[in-house]
Amino acid sequence: MEKMVDDGYAIRAENVVKKFGDLTALKGVSFKVKKGDVVGYLGPNGAGKTTTIKLLTNLLSPTSGNLYIEGIDVNKNPQKALKNVGSLIEVPGMYGYLTPNELLTHFGKVYRMNDERIKQRIKRVLKTVRLQDWEHKKIEDFSTGMKRRLAIGLALLSDPEILILDEPVMGLDPKGIKEIRELINSLSEKDITIFLSSHLLNEVSLTCNKVIFLFEGEIVAYDDVETILGDAKHNRISVEFLNPLSKDEIDDLKSLKYIEKVKVDGNEVKIYNSGKKERMHKILTILIEKGFEVVSFSYEKKDLEDLYISLAGKSEGGVK
Ligand SMILES: Nc1ncnc2c1ncn2[C@@H]1O[C@H](COP(=O)(O)OP(=O)(O)OP(=O)(O)O)[C@@H](O)[C@H]1O
Ligand SMILES: [Mg+2]
């Protein structure tokens, strides 16, 4: 029991099932996170993100299956497994009457750090989350974004190797989101492993190098951000024509090279094709050459829900 069995992964989930009464929130989730990776755990509301994160931090126990941090079973040996983990789970009420210095000192003592170390870490952490000028100000006067940065600072207090964050940008405005994004990017440069949940694909793509898609308690994809984004860009082009197309023109359009599917709505037409941007360029060129009176031509990003559905379809052997 003394020796840790390092399996080479920062985080590993093995066939994790979590039931709440009749509801199965996680239906056999397995994934591995390599050390130093920044992984986005992406899924719509109710997918099971928070449940997974609570299992990873031993706030819940799995119905079956196992979760490991650095090779140690979290639910069997939580203290040891979570020794190098910092986490942000529920956005805490945050003791408004305290200052960051008081809050962090309190938690430093809880973590049994000595006074010298506490002082040193407070300086470092507040600098990291850019609150160094606010060390002795009351937390109740902080903006939501500042409170969130402080909560991440608290997660960083013990200098963890792994950071687990549940929806770190939830409820923040664009400026607050940008600040957290910059913070996460600066942390990822320091070789810290980060596992963060979100329902925002775009946000995840700006901070993470890997994405896990969770949909209704099941993992439907786990890949590099670039690959996932490539899938997301399974193209849908919105074209507006000067006038509504005639039936002949629509038939013409459908028969053109590179166009797979066409959906007409007055003078607005959706064109579907799979493939790269060069193909879209070719489609536009062909439309113009054929004399179609194009007013606008734009590339519509599929929304996240479309992506989930196409990924869920794929995982069952379905088509896009
Ligand atoms: N303590 C609980 N008791 C009963 N059901 C629960 C409990 N916790 C979560 N659930 C249910 O489990 C499912 C997954 O919830 P979870 O909070 O993990 O989703 P989530 O992906 O974090 O969603 P959100 O984006 O809304 O935060 C939901 O259907 C939720 O209602
Ligand atoms: Mg949640």
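Residue numbers count from 1 along this sequence. We count ligands from 1, going down the list as the structure has it; atoms in each ligand are counted the same way.
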Discussion item. Is it the case that ligand 1 has an N or O less than 3.5 angstrom from some N or O of Asn45?
Written reply: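 Checking ligand 1 against Asn45, an N or O pair does fall under 3.5 Å apart.
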Discussion item. Below 3.5 Å, N or O to N or O, backbone or side chain included: is there any such pair between Lys49 and ligand 1?
Written reply: yes
Discussion item. Tell me whether the count of non-hydrogen atoms from other residues, nucleotides or ligands lying under 6.0 Å of CZ in Arg181 goes above 12.
Written reply: yes
Fill in: Other residues, nucleotides, ligands: >12 heavy atoms within 6.0 Å of Lys27 NZ
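Atom NZ in Lys27 is packed in, count exceeds 12.
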Response to the item:
Counting from 1 in the order shown, the ligand 1 atoms closer than 4.0 Å to a non-hydrogen atom of Ala25 are 12 (O), 13 (C)
Practice prompt. Number the atoms of ligand 1 from 1 as they appear, then name those within less than 4.0 Å of a heavy atom of Leu23, with their elements.
Written response: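 Numbered from 1, ligand 1 contributes 11 (C), 12 (O), 13 (C), 29 (O).
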Worksheet item: Only one of Phe195, Tyr9, Phe213 clears ring-ring contact (aromatic ring centres under 6.0 Å, His included) with Phe31; which?
Response: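 The option that passes is Phe195.
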Item to complete: Could you tell me whether atom 29 (O) of ligand 1 has at least one protein heavy atom nearer than 4.0 Å?
Response: yes
Worksheet item: Looking at ligand 1, does Pro44 have a heavy atom less than 4.0 Å from it?
Response: yes
Worksheet item: Does Gly43 have a heavy atom less than 4.0 Å from any atom of ligand 1?
Response: no
Of the protein's non-hydrogen atoms, which lies at the shortest distance from [atom], and what is that distance?
atom                    : result
atom 23 (O) of ligand 1 : Gly46 N, 2.7 Å
atom 1 (N) of ligand 1  : Phe20 CE2, 3.6 Å
atom 18 (O) of ligand 1 : Thr51 OG1, 2.6 Å
atom 19 (O) of ligand 1 : Gly48 N, 3.3 Å

Worksheet item: Is there an N/O/S atom in Ser197 at a distance below 2.8 Å from the Mg ion (ligand 2)?
Response: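 Of the N, O and S atoms in Ser197, none lies under 2.8 Å from the Mg ion (ligand 2), which means no.
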Practice prompt. Decide yes or no on side-chain hydrogen bond (donor to acceptor under 3.5 Å, both in side chains) for Asp166 and Ser197, but give the supporting numbers first.
Written response: CA-CA 5 Å; Asp166 192 16; Ser197 78; 2.5 Å; yes
Worksheet item: Which value, rounded to the nearest 0.5 Å, describes the distance between Thr193 atom OG1 and Lys35 atom NZ?
Response: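 The distance works out to 8.0 Å.
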Worksheet entry | Spacing of Leu165 atom CG and Arg148 atom CZ [to the nearest 0.5 Å] | 10.0 Å
Discussion item. Is any side-chain heavy atom of Ile162 closer than 4.5 Å to one of Ile69?
Written reply: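 A side-chain contact under 4.5 Å exists here.
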Discussion item. Does only the side chain of Glu167 get under 4.0 Å from ligand 1, or the backbone, or both, or neither? Count heavy atoms.
Written reply: side chain
Worksheet item: Counting distance only, does the side-chain N/O of Glu249 pair as donor-acceptor with the main-chain N or O of Ser246 below 3.5 Å?
Response: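 Yes, because the side chain of Glu249 sits within donor-acceptor range (under 3.5 Å) of the backbone of Ser246.
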Worksheet entry | Audit row: Asp37, Asn209, side-chain hydrogen bond (donor to acceptor under 3.5 Å, both in side chains) steps and yes/no | CA-CA 7 Å; Asp37 269 352; Asn209 63 336; 3.1 Å; yes
Discussion item. I'd like the name of whichever of Thr50, Asp166, Leu42, Thr24 reaches closest to atom 22 (O) of ligand 1 through any heavy atom.
Written reply: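 Residue with the shortest heavy-atom distance to the ligand atom: Thr50.
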